[in-house]
K.L.:
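Dumping the structure here so I can ask a few things about it.
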Amino acid sequence: MSDSKLHRLPDQLRPNLHLVFVGTAASTRSAELGHYYAHPGNRFWRAIHEAGITPRRYQPGEFASLIKLGIGFTDLCKTGAGMDHQIAAKAIDVPGFRAKIETYRPRTIAFTSKKAASLFYGRPSAAIVLGRQPPDASWPETFVLPSPSGAASGHWTLEPWRELAKWIAA
């Protein structure tokens, strides 16, 4: 995909958020519309409501309003768009992501796929477990969620999303 501004979703970050969702990169549809998790087959918006993270089901075009609930968004790649396998390895900016998290210090981060977590941790996806990750005193609580993408439906479960909702509510 092109590296044009069209493919950049704005970070939704501010200091001390309760939760920041972290994807690999915007899907082509999300990049076209300028909304996180915008593909009609993506389960993200349904999942955060069904798990109890949001009080109602939001639409992709409302993503910016979740900041009022203490929820933010970012991606490891801010310069490309497409499915994970279409994103160039050089476009993944783990140091830039770490700097954002260290600047804004959210209480919790949640990777919205094992792939995003594997890129962050530098380990194969198969070595990543879903759910709450071992604590690191210098880093926010971290969860890994199954990808809500329709392309990943064979591995879908709402349970890690519910685990995250319980943690956020505590």
Side-chain angles (χ1 to χ4, degrees), residues 1-39 42-44 47-48 53 60 63-64 66-67 70-149 151-152 155-156 160-161 163-164 167-168:
M1 286 282 134
S2 158
D3 283 349
S4 74
K5 291 249 185 226
L6 170 71
H7 294 135
R8 295 181 195 206
L9 283 177
D11 283 334
Q12 288 293 150
L13 299 171
R14 70 170 194 218
N16 304 312
L17 290 168
H18 297 298
L19 171 61
V20 173
F21 286 106
V22 184
T24 304
S27 70
T28 304
R29 178 86 171 153
S30 288
E32 288 169 356
L33 295 176
H35 309 315
Y36 283 88
Y37 307 100
H39 191 281
N42 195 297
R43 297 178 190 85
F44 178 84
I48 63 173
I53 295 168
F63 77 90
L66 269 70
I67 205 146
I71 298 172
F73 296 89
T74 192
D75 293 303
L76 296 177
C77 171
K78 299 305 285 184
T79 59
M83 295 180 74
D84 287 353
H85 70 273
Q86 296 172 311
I87 305 300
K90 66 180 182 182
I92 303 297
D93 184 9
V94 171
F97 166 71
R98 278 188 174 280
K100 289 176 202 176
I101 297 305
E102 288 168 3
T103 297
Y104 293 106
R105 301 302 303 168
R107 177 176 178 234
T108 308
I109 61 171
F111 291 103
T112 57
S113 70
K114 286 176 83 172
K115 177 64 175 181
S118 77
L119 291 165
F120 173 74
Y121 287 117
R123 298 195 313 255
S125 293
I128 304 291
V129 296
L130 293 173
R132 192 171 176 190
Q133 302 301 295
D136 174 345
S138 66
W139 192 251
E141 286 296 326
T142 303
F143 284 75
V144 177
L145 306 171
S147 173
S149 169
H155 303 284
W156 178 252
W161 296 78
E163 180 187 1
L164 172 62
W167 165 254
I168 294 299

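Keep in mind that the numbers below use all heavy atoms, side chains included, and drop hydrogens, waters and symmetry copies. Predicted, not measured: the structure shown is a model, and the values here were computed from it.
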K.L.:
To the nearest 0.5 Å, how far apart are CZ in Phe120 and NZ in Lys115?
P.N.:
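NZ of Lys115 is found 15.0 Å from CZ of Phe120.
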K.L.:
Any heavy-atom pair between the side chains of Ile67 and Leu17 that's under 4.5 Å?
P.N.:
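Contact flag for Leu17/Ile67 side chains = yes.
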K.L.:
Tell me the closest heavy-atom pair linking Ala38 and Leu33, and the distance in Å.
P.N.:
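Closest approach of Ala38 to Leu33: CB-CD1, 3.9 Å.
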K.L.:
Atom CG of Leu164 and atom CD1 of Ile53: how far apart are they, to the nearest 0.5 Å?
P.N.:
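Going from the CG atom of Leu164 to the CD1 atom of Ile53 covers 4.0 Å.
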K.L.:
Using side-chain heavy atoms (C-beta onward) and a distance below 4.5 Å, is Arg107 in contact with Trp167?
P.N.:
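Yes, side chains in contact.
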K.L.:
Heavy atoms only: give me the nearest Leu19-Ile109 pair and the separation to one decimal.
P.N.:
CD1-C, 4.4 Å
K.L.:
Could you check Ile168 against Thr108 for side-chain contact (heavy atoms from CB on, under 4.5 Å), going step by step and ending with a plain yes or no?
P.N.:
CA-CA 8 Å; Ile168 294 299; Thr108 308; 3.8 Å; yes
K.L.:
Does the cation-pi check pass for Arg98 over Trp139, that is, NZ or CZ under 6.0 Å from the six-membered ring centre and within 45° of its axis?
P.N.:
yes
K.L.:
Strictly distance-based, threshold 3.5 Å: is any side-chain N or O of Gln133 a donor or acceptor partner for the main-chain N or O of Gly131?
P.N.:
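Side chain of Gln133 to backbone of Gly131: a pair is present.
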K.L.:
Compare all side-chain heavy atoms of Thr24 with those of Ser113 and state whether any distance is below 4.5 angstrom.
P.N.:
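Yes, at least one pair of side-chain atoms sits under 4.5 Å.
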K.L.:
Determine, stepwise, if the pair Leu66 / Phe73 fulfils side-chain contact (heavy atoms from CB on, under 4.5 Å).
P.N.:
CA-CA 9 Å; Leu66 269 70; Phe73 296 89; 4.1 Å; yes
K.L.:
Just verifying a value: how many Å separate Ile128 CD1 and Ser118 OG, rounded to the nearest 0.5 Å?
P.N.:
6.0 Å
K.L.:
Can you measure from CZ (Phe63) to OH (Tyr37) and round to the nearest 0.5 angstrom?
P.N.:
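One finds 11.5 Å between CZ of Phe63 and OH of Tyr37.
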K.L.:
Could you grab the distance from atom CG of Leu13 to atom CZ of Arg105, nearest 0.5 Å is fine?
P.N.:
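With rounding to 0.5 Å, CG (Leu13) is 13.0 Å from CZ (Arg105).
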K.L.:
Please find the pair of heavy atoms, one from Tyr36 and one from Ser30, that lie closest to each other, and give the distance.
P.N.:
C-OG, 3.8 Å
K.L.:
Flag the pair Pro106 / Asn16 as yes when at least one side-chain heavy-atom distance between them is below 4.5 Å, and no otherwise.
P.N.:
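When only atoms from C-beta onward are counted, Asn16 and Pro106 do not touch, as no gap falls below 4.5 Å.
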K.L.:
What is the distance from atom NZ of Lys114 to atom CG of Leu130, rounded to the nearest 0.5 Å?
P.N.:
5.0 Å
K.L.:
How about Thr112 and Val22: do any of their side-chain heavy atoms sit closer than 4.5 Å?
P.N.:
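No, too far: nothing below the 4.5 Å cut-off.
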K.L.:
Within the distance-only criterion (no hydrogens, no angle test), does the side chain of Asp75 pair as donor or acceptor with the backbone N or O of Lys78 below 3.5 angstrom?
P.N.:
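Between the backbone of Lys78 and the side chain of Asp75 there is no qualifying donor-acceptor contact (under 3.5 Å).
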K.L.:
Counting distance only, does the side-chain N/O of Asp136 pair as donor-acceptor with the main-chain N or O of Ser138 below 3.5 Å?
P.N.:
yes
K.L.:
For Arg132, is there an ion pair with Glu141 - N to carboxylate O distance below 4.0 angstrom?
P.N.:
yes
K.L.:
Answer yes or no: is there a side-chain heavy-atom contact under 4.5 Å between Thr28 and His39?
P.N.:
no
K.L.:
Report yes or no: do Thr74 and Asp11 form a side-chain donor-acceptor pair below 3.5 Å?
P.N.:
yes
K.L.:
Establish, yes or no, whether a centroid distance under 6.0 Å links the rings of Phe143 and Phe111.
P.N.:
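Distance test on ring centres: not under 6.0 Å, no.
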K.L.:
For the residue pair Trp156 and Ser147, what are the closest heavy atoms and their distance?
P.N.:
CE3-O, 3.4 Å
K.L.:
Would you confirm whether the ring centroid of Phe44 sits within less than 6.0 angstrom of the ring centroid of Phe21?
P.N.:
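When the ring centroids of Phe21 and Phe44 are compared, they turn out to be within the sub-6.0 Å range.
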